[in-house]
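Fair warning: this is a prediction, and the values are worked out from it, not measured in the lab.
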Amino acid sequence: MNLLFETPAGFAIFKVLDQGKLSKVDDLWKEFSSADAARQVVKLKAFSKFENTSEALAAATLLIDSKPTKGLRKFLRAHCDGETLAVADSKLGNAIKEKLQIECVHNQAVMELMRGVRSQLSELITGLGAQDLAPMSLGLSHSLSRYKLKFSPDKVDTMIIQAIGLLDDLDKELNTYAMRVREWYGWHFPELAKIVQDNILYAKAVKLMGYRTNAAKLDFSETLSEEVEAELKEAAVVSMGTEISDLDLINIKDLCDQVLSLSEYRAQLFDYLKSRMNTIAPNLTALVGELVGSTVQILGAEKALFRALKTKHATPKYGLIFHASLIGQAAPKIKGKMSRSLAAKTALAIRYDALGDSQDNSMGMENRLKLEARLRNLEGRELGRSAGSTKGKPKIEVYNKDQKKGAGAMITPAKSYNPAADSVLGRLEAEAEEAHIDDGKKDKKKKKKEEKVVADEEAEEDVGKKEKKKKKKDAAGEVQDGEEKKKKKRKHEETDEAEVETASKKKEKKKKKKTEV
């Protein structure tokens, strides 16, 4: 039996000298305690050396997938034809058996044999020292790791993380500098802070204007609208600010330059971040935008989460994902539901972008459409509840056949032509007919009412008669019961009298007998 062993330098085939020792798996390691003992178990039969690192890398990658290389197949045909081959990978053994018809063995004894050969590898292979084997294995491991990671400069998320962090820092610095400009220049022109709300436009206006007395002579059309410009010039005339020196104004303008330069750099950084996010994570960008990279529902609210768990209060519903446009569009009551749905879809998009091969954002756009449909569905439910009654049921309006739909909903129905209204005589006749009809209707109503009254009276009489009959029957029944009770009493009395008489007669007879004696 032969043993196939892979090394960083090449493939080696060892001849197993004593197969009987393989039966004792637990004691097999003792046979490799020294180089001389190892030579008595196995012997090097052939060795195929790799020509360069690329060949070693190709062979290692194929062996990881349990596939033999062309060089390995030639090597096995030359030295293992018709013999059993022990291998470390069962899948590799099946592939060799299918392609080369060489019987392969893989079991626990083979693995122990491999472990022993590895411990004495430099002694069993002549010309391969430990000093040469260590750098070969290190170089091959680096090459293999680089190949498995599939390193690409276009898919580096570290740059995205740094860009997002820098963008947050720039926002903080810009806000601080802009507020300092407003406070500093506000001593000279305090009314300008209410007129110009945007920080960048405020810095541009201050840099252009300088002293407030120059406002009437300058043209602000490039930065401000006509209405704001007119208001600024009017306020500059009646401003209540204090005077400042030329040195103060120079420092204020330098600070305005810093604000404007930082804003320009922030715009460039955002464009860079947008392009990188579309390249690396197109589906994630389609769902949550460029600035919310790699976030799920609660990420960004760790302090609030642990505080809520410690105090046993309600946990937060969202973290950084709150800044996504889909969460911003949702009503306050359904923001929690939307954040859960968006977090689930975001996790799927991150996995697809990280592990998928496609570079388009079709999956992200499809999930975004689903989330927008869910948002409309949730908003529709809330509208239905608010429009209905307190139990959530909508109010049912009374149907009106004359009411029209559409733009003319409030138009009254058209009246039919009445020819009786053409003359006074016809009108009088119509009124008389209507009066006659009304009288007839009133008479009919009176008759119906009288008939109802009579019927009610008859029904009441019938009910009274029935009640009288019942009372009579009840009285008769009571009389009969009383008579029966009297009869029973009489019978009892008669029976008692008869018993008393018989007892008295017996006593008299006894007395007579005693007297006779």
Side-chain angles (χ1 to χ4, degrees), residues 1-50 55-130 132-134 136-141 143-145 147-148:
M1 184 173 68
N2 296 324
L3 175 67
L4 177 63
F5 193 86
E6 306 95 13
T7 67
F11 294 108
I13 295 178
F14 292 93
K15 179 72 175 178
V16 180
L17 301 177
D18 190 0
Q19 296 185 15
K21 293 182 180 181
L22 297 179
S23 59
K24 301 177 181 179
V25 179
D26 296 334
D27 298 332
L28 190 60
W29 62 275
K30 296 178 182 179
E31 304 295 334
F32 292 91
S33 59
S34 63
D36 296 334
R39 291 190 185 99
Q40 295 178 3
V41 180
V42 292
K43 180 182 179 182
L44 181 63
K45 184 177 181 180
F47 184 77
S48 176
K49 189 176 181 180
F50 296 133
E55 184 181 354
L57 178 62
T61 52
L62 287 175
L63 286 176
I64 289 173
D65 297 332
S66 302
K67 296 178 182 178
T69 61
K70 291 183 180 179
L72 180 60
R73 288 195 293 252
K74 291 179 181 179
F75 183 59
L76 292 175
R77 284 195 190 100
H79 299 89
C80 294
D81 192 11
E83 296 183 13
T84 305
L85 183 66
V87 294
D89 187 4
S90 60
K91 293 182 179 179
L92 178 63
N94 293 331
I96 292 172
K97 185 177 180 180
E98 289 178 1
K99 294 182 179 180
L100 304 176
Q101 284 76 39
I102 296 175
E103 191 68 27
C104 295
V105 178
H106 173 76
N107 51 32
Q108 189 177 357
V110 172
M111 296 306 296
E112 289 292 332
L113 188 62
M114 290 277 186
R115 192 174 292 110
V117 171
R118 188 177 293 108
S119 64
Q120 301 291 338
L121 184 61
S122 59
E123 299 293 334
L124 293 173
I125 300 176
T126 56
L128 185 64
D132 299 330
L133 191 62
M136 286 180 184
S137 60
L138 182 63
L140 181 60
S141 61
S143 301
L144 185 61
S145 300
Y147 177 79
K148 291 298 290 181

**Student:** Which pairs count as ring-ring contact (aromatic ring centres under 6.0 Å, His included) when at least one residue sits in residues 55-87, sequence neighbours excluded?
**Tutor:** Phe75-His79
**Student:** By the salt bridge (Lys or Arg N to Asp or Glu O under 4.0 Å) test, which pairs, at least two apart or in different chains, include something from residues 82-91?
**Tutor:** Lys15-Glu83, Lys45-Glu83
**Student:** Would a 4.5 Å heavy-atom cut-off, applied to side chains only, mark Val110 and Val87 as touching?
**Tutor:** no
**Student:** Any donor and acceptor pair, going by atom type alone, linking the side chain of Glu55 with main-chain N or O of Phe50 inside 3.5 Å?
**Tutor:** no
**Student:** Return the CD1 to CG distance between Ile13 and Leu72, rounded to the nearest 0.5 Å.
**Tutor:** 8.0 Å
**Student:** If a pair satisfies side chain to side chain donor-acceptor pair (under 3.5 Å) and one of its residues is in residues 31-40, list it, with sequence neighbours excluded.
**Tutor:** Lys21-Glu31, Asp36-Arg39
**Student:** Kindly write out the residues that satisfy side-chain contact (heavy atoms from CB on, under 4.5 Å) with Lys67, not counting sequence neighbours, or none if the list is empty.
**Tutor:** Leu62, Asp65
**Student:** Specify the closest pair of heavy atoms between Ala56 and Pro8, including all atoms of both residues, with the distance to one decimal.
**Tutor:** CB-O, 4.2 Å
**Student:** Can you tell me how far the CZ atom of Phe47 sits from the CG atom of Leu124, to the nearest 0.5 Å?
**Tutor:** 12.0 Å
**Student:** Return the set of residues passing side-chain contact (heavy atoms from CB on, under 4.5 Å) with Glu6 (not counting sequence neighbours), or none when no residue passes.
**Tutor:** Leu4, Phe11, Leu63, Leu92
**Student:** For Gln108, check side-chain contact (heavy atoms from CB on, under 4.5 Å) against everything at least two apart and list the hits.
**Tutor:** Val25
**Student:** Supply the atom-to-atom distance Cys80 SG to Leu85 CG, rounded to the nearest 0.5 angstrom.
**Tutor:** 5.0 Å
**Student:** Starting at CD1 of Ile96, measure out to CG of Leu76 and round the result to the nearest 0.5 Å.
**Tutor:** 5.0 Å
**Student:** Arg73: which residues meet the side-chain contact (heavy atoms from CB on, under 4.5 Å) condition with it, sequence neighbours left out?
**Tutor:** Pro68, Lys70, Arg77, Lys99, Leu100
**Student:** Would you say the side chain of Ile125 lies within less than 4.5 Å of the side chain of Phe14, judging by non-hydrogen atoms?
**Tutor:** yes
**Student:** Indicate the atoms forming the closest heavy-atom contact of Ala86 with Met1, along with that distance.
**Tutor:** CB-SD, 4.4 Å
**Student:** Give, for atom CG of Leu44 and atom CD of Glu123, the distance between the pair rounded to the nearest 0.5 Å.
**Tutor:** 13.0 Å
**Student:** Under the ring-ring contact (aromatic ring centres under 6.0 Å, His included) rule, what pairs show up with a residue in residues 85-113, not counting sequence neighbours?
**Tutor:** none
**Student:** Can you name the nearest heavy-atom pair linking Phe32 to Gln120, along with the distance?
**Tutor:** O-NE2, 3.3 Å
